[in-house]
2 protein chains.
Amino acid sequence: MAKTGERARAVPGSALDAVHFALDRSSPVPLYYQLAQQLEAAIEHGALAPGNLLGNEIDLSTRLGLSRPTVRQAIQSLVDKGLLVRRRGVGTQVVHSQVKRPLELSSLYDDLEAAGQGPTTDVLRNERVPATADVAAALGIAEGSEVTLLERLRATHGQPVAFLCNYLPPALLDLDTDRLGTTGLYRLLRSAGITLHSARQTVGARSATAEEAALLTEKEGAALLTMQRTAYDDTGRPVEYGTHIYRASRYAFDFQLLVRS
Amino acid sequence: MAKTGERARAVPGSALDAVHFALDRSSPVPLYYQLAQQLEAAIEHGALAPGNLLGNEIDLSTRLGLSRPTVRQAIQSLVDKGLLVRRRGVGTQVVHSQVKRPLELSSLYDDLEAAGQGPTTDVLRNERVPATADVAAALGIAEGSEVTLLERLRATHGQPVAFLCNYLPPALLDLDTDRLGTTGLYRLLRSAGITLHSARQTVGARSATAEEAALLTEKEGAALLTMQRTAYDDTGRPVEYGTHIYRASRYAFDFQLLVRS
DNA sequence: TAGTGGTCTAGACCACATT
DNA sequence: ATGTGGTCTAGACCACTAG
């Protein structure tokens with residue numbers, strides 16, 4: 001029925017034919033994940049350029065020796081990441097922009113470290129205190145019950161950047177002051193087996209009080225960026241409540257949002 | 001083989017037996033989506049309390065007359081939303097916190113309206129101008145090419161809240177100044193068939209200049225919250241670039257993050 | 001040992017967009 | 001009319017967790 005008769009179909013090639021995929025069925029890594037990673041790598045390093053079609057899922061699955069649902073699962077994970085777009089009746093293509101960094105629960109320490117700023121941390125306080133009303137509400141515990149209070153001053157190149165005040169539920173973990181001086185709180189939580197899952201944040205601004213100004217070596221009345229955050233683990237239990245203030249002259253939040261369909 | 005003989009198994013009931021699910025196979029709405037919505041409703045209105053087990057997926061699927069993959073798809077969508085947690089060998093349960101609002105590309109207009117603040121908008125400028133270097137870079141177009149410039153002052157109860165400056169790519173759409181006075185930009189874009197997909201934001205703070213102070217009826221030097229945002233559609237093409245300033249005394253960003261696994 | 005979710009298969013039919 | 005992704009089925013085996 002094909003108009004071109006027996007001639008090989010001059011398909012666009014889908015830009016994916018040149019890419020070699022190596023799937024290891026004996027690996028404990030799921031096949032859909034292996035495929036997703038290799039697709040992502042192909043996009044990242046340019047083998048798949050923005051706008052390129054991926055080729056239909058049926059062909060892809062037979063070519064890879066996988067079932068269509070498995071291939072779909074791989075593709076879907078990249079769609080969720082914002083790297084691919086599906087269009088019914090058209091195909092799947094690479095998004096046109098270089099959107100890369102996903103949204104993250106920003107860790108100030110990691111942010112600064114990634115920027116090569118060599119962050120340092122002074123632990124000002126690390127002790128148990130009774131929970132005030134706002135802290136108790138945020139952590140979902142009784143007012144007056146004991147919580148860990150953590151006050152830290154973070155700096156880069158000897159210049160203060162932020163004052164961090166955090167509260168953790170009782171008996172969650174023992175925080176080693178020494179280790180807090182050399183790493184971030186979230187990394188410490190992670191290494192203790194606590195996986196953060198979500199957080200509620202409020203970001204605002206206000207003028208520095210005299211005390212805050214002295215602490216951060218700003219002038220009284222200087223603009224400060226403020227952030228309150230309650231973080232939850234994967235079961236939805238509050239893990240941390242913090243009140244942070246940042247020198248607006250030296251820090252800003254930078255993040256990427258993905259809109260929920 | 002059951003130790004209890006013919007007695008009905010005294011299963012915990014899974015708290016889901018009492019919930020009635022109405023699936024309409026003739027509806028154009030996918031079955032997995034119908035199920036997800038009804039599960040979410042059950043969680044929202046308390047029929048499924050935090051910590052409740054959902055019951056295993058096989059039973060659930062036979063009980064609903066669906067296949068397991070379909071039920072899994074419904075459950076997975078709620079897991080992605082952060083409402084459910086899966087634990088291998090244990091089961092699926094409702095998260096322990098009342099995390100509700102997902103992360104959204106915050107629309108100031110919608111935020112204020114949702115808060116019952118009855119926002120008003122003064123359109124100060126709505127015209128075509130040549131793109132400056134920063135605007136051109138953000139929108140991925142040539143410097144000097146024509147873009148739509150939009151300047152708006154937003155207020156509630158007669159009090160200014162924010163000054164919004166936005167740039168849109170050429171020929172994207174014609175913005176009706178009258179409609180901009182009564183709704184938000186994002187809603188206008190949406191009704192024009194443009195679906196936002198992701199955005200890159202930078203949030204900071206600074207002290208108000210004399211002009212800004214006058215515009216927002218603040219004192220010179222007052223703390224302002226600043227936001228720059230580039231928004232992209234679902235193909236990754238830039239759709240809007242904006243520079244906003246907010247009175248810190250009257251506004252803060254409030255949002256929820258979901259950590260990517 | 002039993003039960004759970006995690007993964008995977010090999011099909012099927014439908015809705016939508018393009019030609 | 002054709003080709004695409006969107007949905008759905010009815011199984012299967014495995015890995016992990018619990019008692």
Side-chain angles (χ1 to χ4, degrees), chain A residues 1-4 9-12 14 16 23-37 39 52-80 84-94 193 234-235 261, chain B residues 1-4 9-14 16 23-37 52-80 84-94 193 234-235 261:
Chain A
M1 306 297 194
K3 274 193 267 186
T4 51
R9 311 266 282 306
V11 292
S14 85
L16 202 64
L23 299 174
D24 177 6
R25 294 193 101 93
S26 69
S27 162
V29 178
L31 291 171
Y32 80 89
Y33 193 81
Q34 294 183 37
L35 177 54
Q37 279 190 317
L39 278 173
N52 278 176
L53 266 300
L54 224 62
N56 77 60
E57 299 171 349
I58 310 278
D59 284 357
L60 195 52
S61 55
T62 60
R63 200 147 58 82
L64 296 173
L66 297 175
S67 70
R68 189 187 167 204
T70 300
V71 172
R72 272 185 69 81
Q73 193 175 1
I75 292 178
Q76 186 59 47
S77 71
L78 297 186
V79 170
D80 291 342
L84 297 177
V85 193
R86 284 203 230 247
R87 296 178 178 284
R88 177 142 55 172
V90 178
T92 303
Q93 47 187 318
V94 181
D234 54 8
T235 72
S261 57
Chain B
M1 308 298 194
K3 273 193 270 190
T4 50
R9 311 267 282 307
V11 295
S14 85
L16 202 65
L23 299 174
D24 177 7
R25 294 193 101 94
S26 68
S27 162
V29 178
L31 291 170
Y32 79 88
Y33 193 81
Q34 294 183 36
L35 177 55
Q37 280 190 316
N52 278 175
L53 266 302
L54 225 63
N56 78 59
E57 299 172 349
I58 310 277
D59 284 356
L60 195 51
S61 54
T62 60
R63 200 146 57 84
L64 296 172
L66 297 174
S67 70
R68 188 185 165 203
T70 301
V71 171
R72 271 185 69 82
Q73 194 174 359
I75 292 177
Q76 187 59 46
S77 71
L78 297 186
V79 170
D80 291 342
L84 296 178
V85 193
R86 286 204 229 245
R87 295 179 178 283
R88 178 144 51 173
V90 178
T92 303
Q93 46 186 317
V94 181
D234 53 9
T235 73
S261 58

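To find a chain, count down the sequence lines: A is the first, B the second, and so on, and within it residues start at 1. Reckoned from all heavy atoms, side chains included, excluding hydrogens, waters and symmetry mates.
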*Asks:* Can you see which heavy atom on B/Ser61 is nearest to which on B/Ile58, and at what distance?
*Replies:* OG-O, 2.6 Å

*Asks:* Could you check whether B/Arg72 gets within reach of a base, just the sugar-phosphate, or nothing at all, counting any heavy atom under 4.0 Å?
*Replies:* base

*Asks:* For D/dC8, does OP1 or OP2 lie under 4.0 Å from any side-chain N or O of B/Tyr32?
*Replies:* no

*Asks:* If you define the side chain from C-beta out and look only at heavy atoms, does anything of A/Val79 sit under 4.5 Å from A/Val85?
*Replies:* no

*Asks:* Students often get this wrong, so: under 4.0 angstrom with heavy atoms, is B/Pro69 touching a base, only sugar-phosphate, or nothing?
*Replies:* base

*Asks:* Can you work out whether A/Leu31 or B/Gly91 has the more 5'-proximal nearest nucleotide on DNA chain C?
*Replies:* B/Gly91

*Asks:* Specify the separation, in whole Å, of atom CZ of B/Arg87 and atom P of C/dT4.
*Replies:* 16 Å

*Asks:* Could you point out which residue of A/Val94, A/Leu39, A/Leu35 forms a side-chain contact (heavy atoms from CB on, under 4.5 Å) with A/Leu78?
*Replies:* A/Leu39

*Asks:* Write down the distance between CD (A/Glu57) and P (C/dA10), rounded to a whole number of angstrom.
*Replies:* 16 Å

*Asks:* Could you tell me how far apart B/Leu53 (CG) and D/dA18 (C1') are, to the nearest whole angstrom?
*Replies:* 12 Å

*Asks:* Check the phosphate of D/dT4 against A/Asn56, side-chain N and O only, distance under 4.0 Å to OP1 or OP2. Yes or no?
*Replies:* yes

*Asks:* Base, sugar-phosphate or nothing for B/Ile58? Non-hydrogen atoms, less than 4.0 Å.
*Replies:* nothing

*Asks:* What heavy-atom pair brings B/Leu53 and B/Val90 nearest, and what distance separates the two atoms?
*Replies:* CD1-O, 4.1 Å

*Asks:* Let's test your reading of the model: under 3.5 Å, does the base of D/dT7 pair with the side chain of A/Arg68 as donor and acceptor?
*Replies:* yes

*Asks:* Calculate, to the nearest 0.5 Å, the distance between atoms CD and CG belonging to B/Gln34 and B/Leu64 respectively.
*Replies:* 11.0 Å

*Asks:* In whole Å, I'd like the distance from the CD atom of A/Gln34 to the C1' atom of C/dT7.
*Replies:* 12 Å

*Asks:* What is the distance, rounded to the nearest whole Å, between atom CZ of A/Arg25 and atom P of D/dC14?
*Replies:* 13 Å

*Asks:* Under 3.5 Å between N/O atoms: give me all the protein pairs with nucleotides 14-19 of chain C, atom names plus distance.
*Replies:*
unit_1: C/dA17; atom_1: O4'; unit_2: A/Arg88; atom_2: O; d: 3.4

*Asks:* Please walk me through it: do A/Thr235 and B/Gln93 pass side chain to side chain contact (heavy atoms under 4.5 Å, CB included)?
*Replies:* CA-CA 9 Å; A/Thr235 72; B/Gln93 46 186 317; over 6 Å; no

*Asks:* Check DNA chain D for consecutive Watson-Crick or G-U pairs with both distances under 3.5 Å and list the runs of at least three as stems.
*Replies:* C:1-18 with D:1-18

*Asks:* Rounded to whole angstrom units, what separation is found between the CG atom of B/Asp24 and the C1' atom of D/dT7?
*Replies:* 15 Å

*Asks:* When you check the phosphate oxygens OP1 and OP2 of D/dG5, does a side-chain N or O of A/Thr92 lie under 4.0 Å from one of them?
*Replies:* yes

*Asks:* In whole Å, I'd like the distance from the CZ atom of A/Arg86 to the C1' atom of D/dT7.
*Replies:* 12 Å

*Asks:* Enumerate donor-acceptor pairs with a distance under 3.5 Å from any side-chain N or O in residues 68-76 of chain A to protein atoms, sequence neighbours excluded.
*Replies:*
unit_1: A/Arg68; atom_1: NE; unit_2: A/Glu57; atom_2: OE1; d: 2.9
unit_1: A/Arg68; atom_1: NH2; unit_2: A/Glu57; atom_2: OE1; d: 3.0
unit_1: A/Thr70; atom_1: OG1; unit_2: A/Ser67; atom_2: OG; d: 3.1
unit_1: A/Arg72; atom_1: NH1; unit_2: A/Glu57; atom_2: OE1; d: 3.3
unit_1: A/Arg72; atom_1: NH1; unit_2: A/Glu57; atom_2: OE2; d: 3.3
unit_1: A/Gln76; atom_1: OE1; unit_2: A/Arg86; atom_2: NH2; d: 2.6
unit_1: A/Gln76; atom_1: NE2; unit_2: A/Asp80; atom_2: OD1; d: 3.0

*Asks:* Which whole-number value in Å describes the distance from A/Leu54 CG to D/dG5 C1'?
*Replies:* 12 Å

